[in-house]
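Remarks on the structure that follows.
Below, chain A is the first sequence line, B the second, and so on; all start at residue 1. Atoms considered below: every heavy atom in the structure, side chains included; atoms not considered: hydrogens, waters and symmetry mates.
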Amino acid sequence: MSFQAPKGVPEYLPPRSATFLAVREAFATAAGNAGYSYIEVPVFEDTELFARGVGASTDVVSKEMYTFADRGGRSVTLRPEFTAGVMRSVLEHGLHHGQLPVKLWATGPAFRYERPQAGRFRQLQQFNVEAIGSEDPAVDAETIALAWAGYQALGLTRVRLLLNTLGCKQCRPAYRAALQEFLRALDLDEDTRRRIEINPLRVLDDKRPEVRALVENAPLITDHLCASCKAHHDRVRSLLEDLRIPWEDTPRLVRGLDYYTRTTYEFDHPMLGAQSGIGGGGRYDGLSEDIGGPALPGIGFAVGVDRIIMAVEAENDDRPAPPRVEVYAVPLGEEAARRVFTLVHELRAAGVAADMAFDGRGLKGAMKGADRSGAAYAVIVGERDLAAGTAQVKDLVSGDQTALPLAEIVTTLKEILTK
RNA sequence: GUGGGUGUAGCUCAGUUGGCAGAGCGCCAGGUUGUGGUCCUGGAUGUCGUGGGUUCAAGUCCCAUCACUCACCCCA
């Protein structure tokens, strides 16, 4: 084998790929039910959009972007996330001049040049939801409920919702200064000391036990909120209570992207190992202005499709492969193969998923193929059937087999299968 | 970027003090000349990651290199 997939790029082969589609479908349905419309945005954008939108000091921008010059000499970057691109598109096409909030969903790959590990990829699949143009805490709660509905639809029972607020332009600066003062007094390594100056909140999120111990008594944002942020946060929490969505208050939870304000949250799954975040989001009331737009609040989230697949598999490790087709046709002999080819075509046209044995496979091998396809019925046509104008229809679960007129096969099977 | 682990059949892996390249699963065929899922029999598939070294002899020991993988960091 001379070629292999690029490093850190997951591929989803059958039957696993069915789970990939199911994850997308679950969230697309939840988003559609909540009045969100689909938006297709570019996979690459002007590099500057991400530098200004996501934040030049973030790890994502400073060391993880796939950035290159195109043939015209422009610096472009494969999207490391969706939000900046969606906001850019909304502003560029003036969607915010219509009714607010603008509610959109998008899905597809994002790219980050990181060292791969379990649940961390260079090409990651996200499902993204944004509500732009509203400050209402009910919209915050709506996005959380939407994500929650997606996880529920997939049958996930062990998802945890971690909730926090990061304050706003009014209250965050004072908190940030107080936190920096506290952190500067600690004995921390050089990288962490640098982070204190760039984004001190992230130090609170450090997983290393020795760092955790040091920051245990650090000041928390929840004690420094302004009145309106506190009211906003309380409202979000009481709405979640109304919806009976359980959450954990996690005052140390921080997002790694600069644009987040006020409500932030993360969904986490306990069976995934180190990379356990299966979704995350929050409010980004300053993003529009950061990229040259008007004051325009917004909130949204991204869920990680790859990690959700892992979570689904972790919670149900013995799921049978989904059936590939409903009917599998088995011809015996060349003449039958020709007739069966048309029959299968007619079944498909009638909306019945059908496949057949190729390459003149023997009856035994062909029946094996029928079994593995997951089909409920096999249709066997040999020379004798052809002469009699019949086909053998075999129920592959019970083993019962009956001869039916060839001409009625399509309508009969269609009828049985739609019951 | 930093640290650990692993590379042997399509897949999961075993391979002893260095001595003929293995198992299970899967695949194909036969048992059953027109019947799958169970069972039995047989068969095909290998650059032992790659390059070099030590040795009469290397999957096994040594060096280098590449790949994969887990964790830190970061994030979905």
Side-chain angles (χ1 to χ4, degrees), chain A residues 1-8 10 13 23 27 54 58-64 80-83 107-128 147 189 191-192 194-195 199 202-203 205-211 253-257 265-269 272-281 300-311 320 328 330-333 336 357 359 361-375 377-386 391-401 403:
Chain A
M1 174 76 105
S2 46
F3 289 105
Q4 53 187 308
K7 191 184 183 77
L13 316 177
V23 171
F27 284 90
V54 177
T58 61
D59 281 20
V60 166
V61 169
S62 64
K63 49 191 194 200
E64 297 176 1
E81 54 104 47
F82 279 69
T83 304
T107 188
F111 304 85
R112 295 179 195 173
Y113 191 87
E114 301 182 272
R115 189 86 172 263
Q117 72 183 74
R120 190 171 74 180
F121 308 101
R122 289 184 172 180
Q123 176 176 309
L124 51 135
Q125 297 285 344
Q126 293 196 333
F127 189 98
N128 194 264
D189 63 278
D191 279 349
T192 309
R194 201 172 307 127
R195 213 177 309 146
N199 189 342
R202 291 231 317 273
V203 180
D205 213 18
D206 201 305
K207 281 185 203 148
R208 292 172 293 182
E210 64 274 19
V211 179
L253 175 73
V254 175
R255 309 265 71 221
L257 312 181
Y265 50 91
E266 190 170 304
F267 297 96
D268 170 286
H269 197 278
L272 290 194
Q275 307 298 323
S276 61
I278 57 173
F301 67 80
V303 299
V305 173
D306 310 276
R307 291 182 188 174
I308 293 170
I309 291 170
M310 294 167 68
Y328 193 94
V330 175
L332 297 168
D359 293 299
R361 295 243 293 180
L363 181 59
K364 190 187 172 90
M367 286 306 293
K368 209 172 234 189
D371 188 50
R372 282 170 202 169
S373 74
Y377 293 92
V379 175
I380 302 147
V381 181
E383 304 299 333
R384 297 208 296 261
D385 301 294
L386 226 44
Q392 308 295 324
V393 176
K394 180 165 187 173
D395 181 326
L396 288 171
V397 178
S398 68
D400 296 343
Q401 181 170 314

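Between A:F267 and A:F301, the angle of the ring planes goes over 60°, which puts this pair in the perpendicular group of the 30/60° scheme.
B:rA14 makes up no base pair with any nucleotide shown, lacking Watson-Crick or G-U wobble contacts both under 3.5 Å.
Distances were taken from every side-chain heavy atom of A:R372 (C-beta onward) to each of B:rC27, B:rC74, B:rA71; the shortest belongs to B:rC27. Listed nucleotides B:rG34, B:rC28, B:rG37 differ in distance to A:R361; the shortest reach to its side chain belongs to B:rC28.
Atom P of B:rA23 sits at a distance of 23 Å from the matching atom of B:rC61, rounded to the whole Å. The separation of B:rC20 from B:rU6, taken at their C1' atoms, amounts to 27 Å, rounded to a whole angstrom. Distance check on atom C1': B:rG26 versus B:rG10 gives 7 Å, rounded to whole Å.
Residue A:K364 is in base contact, counting any heavy-atom pair closer than 4.0 Å across all strands shown. A:Q275 comes within contact range of at least one nucleobase, with a heavy-atom separation under 4.0 Å. Nucleic acid contact class of A:A118 (heavy atoms, under 4.0 Å, all strands): sugar-phosphate only. Residue A:G369 is classed as having no contact, given no heavy-atom separation below 4.0 Å to the nucleic acid. Among the heavy atoms of the strands, none lies under 4.0 Å from A:R122. Base contact: A:G399 has a heavy atom under 4.0 Å from a base atom. No engagement by A:F301 is indicated, since no non-hydrogen atom pair under 4.0 Å with the nucleic acid exists. Nucleic acid contact class of A:E266 (heavy atoms, under 4.0 Å, all strands): none. No engagement by A:V381 is indicated, since no non-hydrogen atom pair under 4.0 Å with the nucleic acid exists. Using a 4.0 Å heavy-atom cutoff across all strands shown, A:Q401 reaches at least one base atom of the nucleic acid. Residue A:I278 is in sugar-phosphate contact alone, with no base atom involved, counting any heavy-atom pair closer than 4.0 Å across all strands shown. At a threshold of 4.0 angstrom between heavy atoms, the contacts of A:K63 with the nucleic acid are absent. Within the 4.0 angstrom heavy-atom criterion, only backbone atoms of the sugar-phosphate kind lie near A:D206; the bases stay farther away.
Between B:rC75 and A:R202, a contact under 4.0 Å exists linking OP1 or OP2 to a side-chain N or O. Of the side-chain N and O atoms in A:Q117, one or more sit less than 4.0 angstrom from OP1 or OP2 of B:rC72. The shortest distance between the side-chain N/O atoms of A:R195 and the OP1/OP2 oxygens of B:rC73 is not below 4.0 Å. For A:R255 and B:rA76, the shortest distance from a side-chain N or O to OP1 or OP2 is below 4.0 Å.
As a whole-Å value, the separation of A:L363 CG from B:rG30 P is 11 Å.
Judged by distance alone, with hydrogens and angles left aside, the side-chain atoms of A:R122 form a donor-acceptor pair with the main-chain N or O of A:E114 at under 3.5 Å.
Scanning atom types as modelled, no donor and acceptor separated by under 3.5 angstrom connect the side chain of A:R115 and the base of B:rC72.
Separation of atoms OH (A:Y377) and CG (A:D395) is listed at 4.5 Å; rounding is to 0.5 Å.
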